[in-house]
Amino acid sequence: MIRIAIDGPSGSGKSTLAKAVAKKLGIVYVDTGALYRTVGYHVYLNGRDPHSAEQVESLLSGINIELKYENGSQRVILNGEDLGDKIRMPEMSMYASAVSAIPAVRAFLLEMQKKMARENSVVMDGRDIGTVIIPDADLKIFLTASNETRAKRRTIELQSKGIDASYDDVLFDMIERDKNDKNRDIAPAIPADDAIIFDNSDMSVEESLNEIVRLVNERK
Ligand code: DC
């Protein structure tokens with residue numbers, strides 16, 4: 001069993017790298033942000049305020065989330081419906097960030113994530129994987145990149161999915177969301193004490209991947 005935690009802010013390259021590392025090692029890639037996006041999506045569908053703990057909590061009992069893995073990609077099924085890219089819409093980023101600061105939401109998603117990490121060799125990406133979900137991970141990486149690099153990456157990623165996004169809006173939303181995620185009271189998006197801080201602003205995906213694989217091999 002090997003368990004790798006990759007945390008960091010949006011656009012830092014977590015999902016691209018985590019997916020590539022999982023493929024290289026033949027293990028499961030778990031995108032935990034998708035879980036918060038799914039709760040956010042459900043709150044949005046029901047027309048509730050994602051900042052209201054009371055309103056969000058009252059919806060949790062009506063949420064059933066399943067994760068499916070196909071060709072290294074994760075699909076999220078909410079109450080029987082495959083959500084596809086619906087959770088990737090820019091509004092869902094803000095909904096996800098808002099609901100992720102609510103303790104009942106984190107408690108609701110906690111056991112599911114811990115169970116995945118207990119039962120499988122995994123690369124998990126998120127904000128609290130090294131601090132809360134897998135505190136004894138074999139390798140913890142906190143991935144960062146400059147604001148400009150991250151906003152550029154996210155804009156390209158969204159546009160490639162056919163989602164209308166301008167660089168300026170993405171940069172503004174990203175900074176706002178990072179502030180929420182970093183400063184919340186519960187499981188803030190900060191590096192674990194034993195995480196390796198890895199700035200990949202000036203690195204290609206291949207260079208970053210090679211470095212992470214080197215770090216994994218060092219720990220085997
Ligand atoms: O990784 P992402 O951008 O898809 O995550 C969406 C939001 O979910 C992010 O702004 C904060 C929250 N999140 C979290 O609080 N903890 C995680 N492990 C993953 C995501």
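Note that ligands are numbered from 1 as they come in the structure, with each ligand's atoms numbered from 1 the same way.
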Checklist entry - To the nearest 0.5 Å, what is the distance between CE (Met174) and CE (Met94)? => result 10.5 Å
Item to check | Contact partition for Arg127 relative to ligand 1, non-hydrogen atoms under 4.0 Å | outcome: both
Checklist entry - Given Arg154, Arg177, Arg184, which one has a non-hydrogen atom that is nearest to atom 15 (O) of ligand 1? => result Arg184
Next on the checklist: Tell me whether Glu157 is salt-bridged to Arg150, with the criterion being a basic N under 4.0 Å from an acidic carboxylate O.
Outcome noted: no
Checklist entry - Should you measure from each heavy atom of Ser97, which atoms of ligand 1 turn up under 4.0 Å away? => result 10 (O)
Checklist entry - Any Lys/Arg nitrogen of Asp136 or Arg3 sitting under 4.0 Å from an Asp/Glu carboxylate oxygen of the other? => result yes
Item to check | Identity and distance of the protein heavy atom lying nearest atom 4 (O) of ligand 1 | outcome: Arg37 NE, 2.6 Å
Checklist entry - Is Asp31 close to ligand 1, meaning an N/O of one under 3.5 Å from an N/O of the other? => result no
Checklist entry - Atom CG of Asn64 and atom NE2 of His42: how far apart are they, to the nearest 0.5 Å? => result 10.5 Å
Checklist outcome for this item: Counting heavy atoms under 4.0 Å, the part of Met124 that contacts ligand 1 is neither
Item to check | Contact check: Ser10 vs ligand 1, nitrogen or oxygen atoms, below 3.5 angstrom | outcome: no
Checklist entry - Which of the atoms of ligand 1 are close to Ser100, meaning less than 4.0 Å from one of its heavy atoms? => result 11 (C), 12 (C), 15 (O)
Next on the checklist: Asp31 and salt bridge (Lys or Arg N to Asp or Glu O under 4.0 Å): which single residue from Arg127, Lys14, Arg88 fits?
Outcome noted: Arg88
Checklist entry - Do Ser166 and Asp168 meet the criterion of a side-chain donor-acceptor pair at a distance under 3.5 Å? => result no
Next on the checklist: Give me the residue, atom name and distance of the protein heavy atom closest to atom 19 (C) of ligand 1.
Outcome noted: Thr32 OG1, 3.4 Å
Next on the checklist: Suppose I only count heavy atoms of Asp128 and a 4.0 Å limit; which atoms of ligand 1 are within that range?
Outcome noted: 16 (N), 17 (C), 18 (N)
Checklist entry - Hey, is Glu218 close enough to Arg214 for a salt bridge, meaning N to O under 4.0 Å? => result yes
Checklist entry - Considering only protein heavy atoms, which is closest to atom 8 (O) of ligand 1, and at what distance to one decimal place? => result Tyr36 CB, 3.4 Å
Checklist entry - Would you find a donor on one side and an acceptor on the other, under 3.5 Å apart, between the side chain of Arg106 and the backbone of Ile102? => result no
Next on the checklist: Quick one, Arg37 and Tyr95 - any side-chain contact, counting heavy atoms below 4.5 Å?
Outcome noted: no
Checklist entry - For atom 10 (O) of ligand 1, what is the nearest protein heavy atom, given as residue, atom name and distance? => result Asp181 OD2, 2.7 Å
Checklist entry - Does the N or O separation between Arg106 and ligand 1 drop below 3.5 Å for any pair? => result yes
